[in-house]
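Here the structure comes first, spelled out in structure tokens, and everything after it is commentary.
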Amino acid sequence: MWPLGLCIVALLLVTITHWVYKWRNPKCNGKLPPGSMGLPLIGETLKFFARNEQSWETPAFIKERMKRYGPIFRTSLVGLPVIVSTDTELNYKVLLQEDQSFESWYPDSMTKIFGSQNLSSLHGNLHKFLKNMVLHVVGPESLKKIFSELEGVATRKLEGWVGKEVVELKTEGADMIIGFMGKKLISYDPETSSEKLRENFEAFIQGLISFPLAIPGTAFHKCLQGRKKVMVMLKNMLEERRVNPNKTINDFFDFVLDELKQENTTLTEEIALDLMFALLFASYETTSQAILVAMKLLTDHPKALKALTEEHEKILKDRENPESGLTWEEYKSMTFTFQLIHETLRLANIAPGIFRRAITDVKFKGYTIPAGWVVMVCPPAVHLDPENYKDPLEFNPWRWEGTNVATASKTFMAFGGGLRFCVGADFARLQMAVFFHCLVTKYKWQAVKGGEIIRTPGLQFPNGLHVKFSKK
């Protein structure tokens with residue numbers, strides 16, 4: 001007979017072997033897409049977050065597996081089984097069939113970051129209700145009202161930048177965006193407030209798309225601390241407004257407070273604070289990052305800068321009064337500007353993935369996506385596919401001539417798609433267009449240092465982008 005110790009070891013080996021086998025060969029009522037589940041629990045998470053140097057290309061993790069397995073493959077990220085889709089037809093199906101075959105979903109780590117009651121985690125009537133609330137700030141009619149304010153903010157910022165020896169656009173651009181949105185949402189003034197909103201978001205951004213290890217010193221832990229500080233600030237402001245309402249203030253916080261006072265409202269304080277946090281983050285990260293990328297691309301491509309400048313100088317030339325401000329009609333006429341914006345968003349791929357979860361087993365092209373599995377739609381793989389865009393790594397705003405990308409399509413999903421199409425898409429485009437108008441009509445710049453990019457898998461400028469501005 002075997003000694004007891006050997007029996008225990010043998011039993012452990014059998015148990016572990018069986019567990020590993022089950023991990024690598026998940027149950028499925030059909031045929032799973034090809035792929036690898038990686039190591040137990042960890043999966044392929046470390047490879048997913050690996051750093052990619054100096055490249056606009058599809059993240060190496062995705063690119064290598066597309067080559068090996070095809071446009072649809074399985075993997076495991078942060079302990080969860082995931083189907084990665086780079087297939088335009090499946091992406092379209094996933095985004096359009098929300099609340100039918102799929103539901104909006106994000107990992108627990110993202111829920112900790114954005115809050116359990118954030119807009120992306122809510123469904124049905126409550127999601128629709130909050131979306132309508134946000135339109136109060138960024139809907140078409142509201143955009144027309146804040147139009148001149150945007151021009152004033154951009155003009156003042158640029159004038160201030162001219163007086164500096166060097167401007168680090170990553171920081172200064174973020175200050176400009178969060179300064180404006182902070183004022184519209186919560187009457188935040190970075191010049192007078194003791195709270196450093198941008199610095200807190202900076203820590204938040206660094207760990208947003210990182211390995212979810214909440215140990216002091218890690219990027220993820222810093223991200224959680226950044227959120228905590230912002231949420232404390234927002235909660236304190238909410239309480240202060242309740243105790244000492246200021247009738248001279250008219251911002252989104254007032255709108256939220258009025259809604260919280262209603263007897264039959266579905267809005268709660270937790271939802272309201274998570275919503276405010278998400279709006280501040282969205283304006284800070286996406287728009288400021290897009291402007292930074294566009295400035296990098298314009299610096300590297302004089303032909304595109306020349307075309308942009310000519311379009312905006314023509315706007316000034318055609319005005320009856322050259323000193324009057326930008327009009328809504330002039331904004332709508334910025335054909336090349338919109339081409340530039342969409343090409344920037346296509347190439348930058350600021351959002352590396354869009355997540356959904358299968359509600360039922362879903363059949364697609366002979367494969368089965370099991371109920372409960374996560375689907376990660378991968379915009380970079382679509383935006384950088386040569387079948388969708390000729391010479392996809394080339395910055396070519398002219399490729400958008402004659403196209404309309406005001407909404408999502410099968411080959412362009414910079415603002416998501418389906419019911420979750422970004423409610424702030426028009427606002428982001430407006431901010432960028434107004435900034436570029438103020439920039440190219442009065443100023444010029446030259447790069448001093450920085451501009452290098454990495455993907456982790458989100459796009460980052462580790463050394464910023466340092467430029468020197470001067471008047472024309």
Side-chain angles (χ1 to χ4, degrees), residues 33-36 44 47-48 50-75 82-96 289-290 293-294 296-304 307 335-336 338-354 364-367 375-418 421 451-460:
S36 169
E44 297 188 300
K47 293 179 181 177
F48 178 75
R51 177 169 167 154
N52 295 278
E53 300 283 349
Q54 283 286 71
S55 177
W56 296 107
E57 293 187 18
T58 303
F61 176 87
I62 303 294
K63 193 174 181 180
E64 290 169 4
R65 283 152 185 77
M66 286 173 63
K67 188 175 181 180
R68 190 183 311 167
Y69 304 121
I72 306 170
F73 60 89
R74 74 175 187 267
T75 183
V82 178
I83 301 294
V84 177
S85 172
T86 69
D87 183 284
T88 54
E89 296 299 325
L90 179 56
N91 292 345
Y92 198 66
K93 180 185 179 78
V94 169
L95 295 180
L96 257 63
Q289 183 83 311
V293 173
K296 158 72 175 171
L297 292 169
L298 287 170
T299 302
D300 294 344
H301 297 84
K303 182 182 175 183
T335 305
F336 184 79
F338 292 128
Q339 293 173 200
L340 166 72
I341 291 171
H342 295 135
E343 181 68 350
T344 298
L345 295 172
R346 181 195 70 82
L347 198 56
N349 288 300
I350 294 169
I354 302 171
F364 185 82
K365 291 185 178 180
Y367 297 127
V375 178
M376 187 181 89
V377 172
C378 185
V382 175
H383 294 163
L384 302 174
D385 187 338
E387 291 188 8
N388 299 328
Y389 299 96
K390 183 181 177 181
D391 299 321
L393 294 178
E394 179 185 336
F395 175 65
N396 177 17
W398 293 271
R399 72 170 81 243
W400 297 97
E401 285 180 329
T403 63
N404 177 17
V405 287
T407 58
S409 70
K410 291 181 181 180
T411 58
F412 185 73
M413 51 185 68
F415 293 108
F421 183 78
E452 301 85 4
I453 61 169
I454 62 170
R455 288 196 180 278
T456 60
L459 183 69
Q460 295 184 37

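Because only heavy atoms are used, hydrogens play no part in the values below, and waters and symmetry mates are left out as well, while side chains stay in. Here, residue 1 is the first one in the sequence, and each next residue gets the next number.
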query: Quick one: does Gln460's side chain have a donor or acceptor within less than 3.5 Å of a partner on Ile454's backbone?
result: no
- request: First locate atom OH of Tyr92, then atom OG1 of Thr411, and finally report the distance between them rounded to the nearest 0.5 Å.
  value: 10.5 Å
query: How long is the gap from CZ on Phe415 to CG on Leu345, to the nearest 0.5 Å?
result: 5.0 Å
- request: Nearest 0.5 Å please: distance from the NZ atom of Lys93 over to the OG atom of Ser85.
  value: 11.5 Å
query: Could you state the interatomic distance from CE (Met376) to CD1 (Ile354), rounded to the nearest 0.5 Å?
result: 10.0 Å
field: Any side-chain heavy-atom pair of Phe364 and Ile72 under 4.5 Å
entry: yes
query: Do Thr88 and Glu387 come close enough that some side-chain heavy atom pair is under 4.5 Å?
result: no
Side-chain heavy atoms of Phe61 within contact of Thr75, under 4.5 Å: yes
task: Starting at CG of Leu90, measure out to OH of Tyr367 and round the result to the nearest 0.5 Å.
output: 11.5 Å
message: So does Val382 get a backbone contact from the side chain of Asn388, meaning a donor-acceptor N/O pair under 3.5 Å?
response: yes
query: Which heavy atom in Met66 sits nearest to a heavy atom in Ala381, and how many Å separate them?
result: SD-CB, 3.8 Å
- line: Exactly one candidate in Ile62, Thr58, Leu384 meets side chain to side chain contact (heavy atoms under 4.5 Å, CB included) with Thr86; the answer is Ile62
- prompt: Below 4.5 Å, heavy atoms only, C-beta onward: do Thr344 and Phe395 meet side chain to side chain?
  reply: yes
message: Minimum heavy-atom separation for Tyr69 and Pro34, please, with both atom names.
response: O-CG, 3.5 Å
query: Taking all atoms of both residues into account, what is the closest heavy-atom pair of Val377 and Met413, and its distance?
result: CG1-SD, 3.6 Å
message: I want to check something: taking the side chain as every heavy atom from C-beta on, are Lys410 and Asn91 in contact at a cut-off of under 4.5 Å?
response: no
field: Minimal non-hydrogen separation, Leu347 against Trp56, with atom names
entry: O-CE3, 3.7 Å
- prompt: Where do Gln339 and Trp398 come nearest, in terms of heavy atoms and distance?
  reply: NE2-CA, 3.8 Å
message: Checking the side chain of Gln289 only, and the main-chain atoms of Leu459 only, is there a donor and an acceptor separated by less than 3.5 Å?
response: yes
- prompt: Which atom pair, heavy atoms only, marks the closest approach of Glu394 to Arg399?
  reply: O-NH2, 2.9 Å
- prompt: Could Glu89 and Lys365 be called an ion pair, given the rule that one side-chain N must be under 4.0 Å from one carboxylate O?
  reply: no
task: Evaluate the side-chain proximity of Leu340 to Glu343: yes if any heavy-atom separation is below 4.5 Å, no if none is.
output: no
Pi-cation contact, Tyr389 with Arg346 (under 6.0 Å, within 45°): yes
